[in-house]
Structure formats: C-alpha cells, structure tokens
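What follows is one structure encoded as structure tokens, with my remarks underneath.
Nothing here was measured: the structure is a model prediction, and the numbers come from that model.
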Amino acid sequence: MEPDELSQILRSVITGVGGHLPANVVTNDDLAKIVDTSDEWIVERTGIRKRYKAADDEPVSDLAVAAAEKALTAAGRTAADIDLIIVATTTADLTFPATAAIVQRKLGAPVGVAFDVQAVCSGFVYALSVADGFVARGRSKCALVIGAETMTRLMDWTDRGTCVLFGDGAGAVVLEPMEGQGTTADRGLLGFALRADGTKQDLLYVDGGVSTNGRIGHLRMQGNQVFRHAVVNISEAVRAAAEDAGVEVVSVDWFIPHQANQRILEGVARRLGIDESKVISTVAEHANTSAASIPLALAQGISDGRVKPGQLLLLEAMGGGLTWGACVLRL
Ligand code: UT7
C-alpha cells in the first residue's frame, strides 16, 4: 500500500441542504391575544418576532419530506439513492413506527435503514454523529439526516413562559462518503462532542408519555435555569468538538447554533470569542424549532449566499434531558 493511500480516510460530507416551514405564521401580537404577554417582552427577552405553526392535518413527517426533497435536489440525488434515513424529532407522527420509516414511504425511498433519534433540541447534532457512524464506515452511500418538529403540539397555551418560544419546521441534509486526507482541510464531519445529564430532567420535559400517564402532555420548562446551563455548558462542548476536529474555535467561518434565544446565541458566541458577524441567527423568524433549528438555519445561510462549500462550520445545541453537544464540519 502506498503511503498516500494509508492516510486517506472516509469522511461524511454534506452534499445537499433543505429547509421547510409550514404556511401558517403566528406573530407575537397573535399570542398577546391569548396569554398575558407583549411583542415588546418577547423581542427583548428572546429576539423572537414570529414562528410557524403546522396545520392540524399536517404531521411532522410532511414537514420532514418537504425539507428532504429540497436537500435531495440540492445534492443532485433522488429518493432512489437513499439507503439511510435518520429523523431527529421529539414530536413523532405516531408512537411507532419511527417517523423516519414514514418519511421513507412518503419519499418512495427503497428498503434501507430508517429510525428516529430522540435528543430533543440536540437531536440534529446527535443524529449527525449517528449517521457519521454509517457513512464514514462505508455502510451508507447516501444518507438523509432530518431535524423535524411540530413543537406547537406540545404547548400549554395558558403558559406564557413557554408557548411564545416554540415553532414548527424541518431541515434536512444529505450525507455522502468522500475520501479525505485526514486533515482539517477535508470536507465533511470533522469533530463531535455529545453530552447528557439526566439529573437535570426537571428543568425541561414533557409531562406526558406512553408508559407513564398515557397522555401526550405539555412542555414544562424552568426557563432561566435552562438559560444559565446553556450559556455555561455549551461552551465546554464546543471546545471539545473543536479539539476533536483539530481546529481552533475562532477559526470557524460560521457559528450555526440551535436557535432558542438570541441572548443565548450572543452569550455563547461571546464566551467562545466568536465575532457576532459569524453567527447565523434565525430565531427572530423561526423561534425555537427544536431539532429542526440548526438545519433550518444552515439552509437559510446557504440560500442567502453567506454559507459556502469549503467553509468551516460550528454547530451546537442544547435541550431536554438535558442533552447538549457540538459538531465541527467543513461544508
Ligand atoms: O431549546 C432548549 C431550551 N430552551 C431554552 O434554551 C430556553 C432558555 N430560557 C430562555 O430563553 C429564557 O429564560 C426565557 C425567555 C424563557 C425567559 O426569560 P428570562 O429573562 O429568563 O425571564 P424569567 O423566566 O426570569 O422571567 C422574568 C419575568 C417573570 O415575571 P416575574 O416573576 O419577574 O414577575 C415571568 O413571569 O418574566 C415573566 N414572563 C413573561 N412576561 C411576559 C415569562 N414569560 C413571559 C412572557 N411575557 N411571555
């Protein structure tokens, strides 16, 4: 074997990205009609101006399929090419089968691997890492990784502390294997750090479940505690992911965080020494779409021309569990 061949490794490369939002827009003023809140409070404390809400007859798989179709088109692939589908969601169509299997059927993709990942708002970062385990080992030639959510279905519309924060949507990426040199110049997923701390469950959870009370339940959150945890702990995971990738945090071209709160985005960027101009923020337009927020922000950054192939991207998220994590990749 030649020395050159020895240093070649398989990388999971994002070859297409797509985002989809439902048609129905809910403004802060709309919410001020049902709970004691105001556009001023929501904008000042969160940066959110509006969110999208799926129609009652629009399941999360429909949002996922629409995003996936755009990602496939961008990658120059069709459903026939897909051999792996991972959907990160906390708002599945049904208790089972997995939403990924429903997406497979609706896309008309052939028999392959399909399953869901449940890590709430961190789900997309977790799912990318799981997919990397297939793609970078040559076990998938064309994978779809989707973050899709109908978080509005979990809202208690009498709780102003939560119902103003979330929205619906989906984002998808196509991942394909490509030979790299094992350096940070390679395209593909370069480094990860995933974390969970189950002792923090009470800070953010849904008070319903199949094997407890049999209800769907509502999202419950101690917002200010989650806020504190987010700003402090995400930075550690980001540094660990950068170290795993072999890059400096400050060298990334774009920081694409989970979109929960503009103040969290800015706080984390500040702690990491990342310039504000490198942060992709969609929180004003989309609100918190949980596992969908990162791929939606990535799709936005690409479609408006800011994010380009070859650039170094830093993704991070935190959500119920608590779970959190980060990923460094070259597009
Ligand atoms: O995606 C995963 C995780 N989720 C997050 O990352 C969310 C993290 N947390 C946050 O984004 C913020 O903590 C919130 C936006 C949820 C809340 O902002 P805050 O600055 O931490 O406010 P707070 O919870 O400390 O509440 C301050 C006040 C309270 O009133 P009192 O007790 O001071 O009289 C709340 O009742 O704001 C009140 N409040 C509201 N007022 C108007 C809470 N929600 C609202 C509202 N409208 N929608």
Side-chain angles (χ1 to χ4, degrees), residues 26 28 31-32 34-49 51 53 88-91 118-126 147 149-168 193-213 215-238 257-272 281 283-284 286-294 316-326:
V26 180
N28 292 345
L31 292 173
I34 60 169
V35 284
D36 181 14
T37 190
S38 64
D39 177 58
E40 194 190 1
W41 189 95
I42 300 171
V43 172
E44 189 189 307
R45 299 292 183 112
T46 72
I48 297 167
R49 293 184 181 275
R51 71 285 293 139
K53 188 171 183 292
T89 188
T90 201
T91 50
Q118 160 61 300
V120 203
C121 298
S122 314
F124 186 74
V125 175
Y126 269 65
E149 300 281 18
T150 46
M151 292 303 282
T152 61
R153 306 278 215 269
L154 295 177
M155 293 302 112
D156 171 352
W157 295 104
T158 66
D159 177 11
R160 67 178 183 175
T162 53
C163 75
V164 303
L165 304 174
F166 292 88
D168 303 335
L194 303 180
R195 307 276 185 263
D197 179 359
T199 66
K200 304 274 186 325
Q201 173 183 321
D202 290 350
L203 301 186
L204 176 54
Y205 66 101
V206 168
D207 61 4
V210 177
S211 71
T212 50
N213 54 22
R215 293 199 301 266
I216 292 171
H218 291 122
L219 184 144
R220 305 294 176 202
M221 178 166 68
Q222 295 177 39
N224 45 16
Q225 302 239 28
V226 176
F227 188 106
R228 205 165 304 130
H229 184 88
V231 174
V232 173
N233 291 312
I234 286 171
S235 311
E236 181 279 326
V238 165
H258 168 52
Q259 310 283 322
N261 185 321
Q262 186 63 28
R263 287 157 55 215
I264 297 180
L265 269 63
E266 288 167 6
V268 172
R270 227 183 349 263
R271 267 178 175 255
L272 292 167
S281 175
V283 72
H286 301 169
N288 182 346
T289 58
S290 183
S293 89
I294 291 175
E316 60 82 354
M318 207 212 57
L322 294 179
T323 57
W324 64 103

What heavy-atom pair brings [X] and [Y] nearest, and what distance separates the two atoms?
{"X": "Leu31", "Y": "Cys163", "answer": "CD1-O, 4.0 Å"}
{"X": "Phe166", "Y": "Thr152", "answer": "O-CG2, 4.2 Å"}
{"X": "Met318", "Y": "Glu316", "answer": "N-OE1, 4.5 Å"}
{"X": "Ala317", "Y": "Cys121", "answer": "CB-O, 3.5 Å"}
{"X": "Ala260", "Y": "Ile48", "answer": "O-CD1, 4.2 Å"}
{"X": "Ala32", "Y": "Thr37", "answer": "CB-O, 3.5 Å"}

Spacing of [atom1] belonging to [X] relative to [atom2] belonging to [Y], to within rounding of 0.5 Å:
{"X": "Leu265", "Y": "His258", "atom1": "CG", "atom2": "NE2", "value": "9.0 Å"}
{"X": "Ile42", "Y": "Glu44", "atom1": "CD1", "atom2": "CD", "value": "11.5 Å"}
{"X": "Thr162", "Y": "Trp157", "atom1": "OG1", "atom2": "CH2", "value": "8.5 Å"}

Are there more than 12 heavy atoms of other residues, nucleotides or ligands under 6.0 Å from atom CZ of Arg220?
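Yes.
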
With a sphere of 6.0 Å drawn around CD1 of Ile34, does it hold more than 12 non-hydrogen atoms of other residues, nucleotides or ligands?
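Count over threshold, so yes.
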
Run Asn28 and Arg51 through side-chain contact (heavy atoms from CB on, under 4.5 Å) and show every step you take.
CA-CA 8 Å; Asn28 292 345; Arg51 71 285 293 139; 2.9 Å; yes

Step by step, would you call Thr289 with Met151 a side-chain contact (heavy atoms from CB on, under 4.5 Å)?
CA-CA 7 Å; Thr289 58; Met151 292 303 282; 5.9 Å; no

I'd like to know if the side chain of [X] and the backbone of [Y] have a donor-acceptor N/O pair within less than 3.5 Å.
{"X": "Thr212", "Y": "Gly208", "result": "no"}
{"X": "Gln259", "Y": "Pro257", "result": "yes"}
{"X": "Asp207", "Y": "His218", "result": "yes"}
{"X": "Asp168", "Y": "Arg153", "result": "no"}
{"X": "Ser235", "Y": "Arg271", "result": "no"}
{"X": "Arg160", "Y": "Asp36", "result": "yes"}
{"X": "Thr46", "Y": "Val43", "result": "no"}
{"X": "Asn261", "Y": "Arg45", "result": "yes"}

Any side-chain heavy-atom pair of [X] and [Y] under 4.5 Å:
{"X": "Ile216", "Y": "Leu154", "answer": "yes"}
{"X": "Tyr126", "Y": "Val120", "answer": "no"}
{"X": "Lys200", "Y": "Val226", "answer": "no"}
{"X": "Val35", "Y": "Asp159", "answer": "no"}
{"X": "Arg195", "Y": "Asn233", "answer": "no"}
{"X": "Met221", "Y": "Leu165", "answer": "yes"}
{"X": "Gln262", "Y": "Ser281", "answer": "yes"}

Go through the steps to decide whether Glu266 and Arg270 satisfy the test side-chain contact (heavy atoms from CB on, under 4.5 Å), and finish with yes or no.
CA-CA 6 Å; Glu266 288 167 6; Arg270 227 183 349 263; 4.3 Å; yes

Looking only at side chains, do Thr91 and Glu149 share a donor and an acceptor under 3.5 Å apart?
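Yes, a side-chain donor-acceptor pair sits under 3.5 Å.
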
Applying side-chain contact (heavy atoms from CB on, under 4.5 Å), run through Trp324 and Val125 and close with a yes or a no.
CA-CA 8 Å; Trp324 64 103; Val125 175; over 6 Å; no

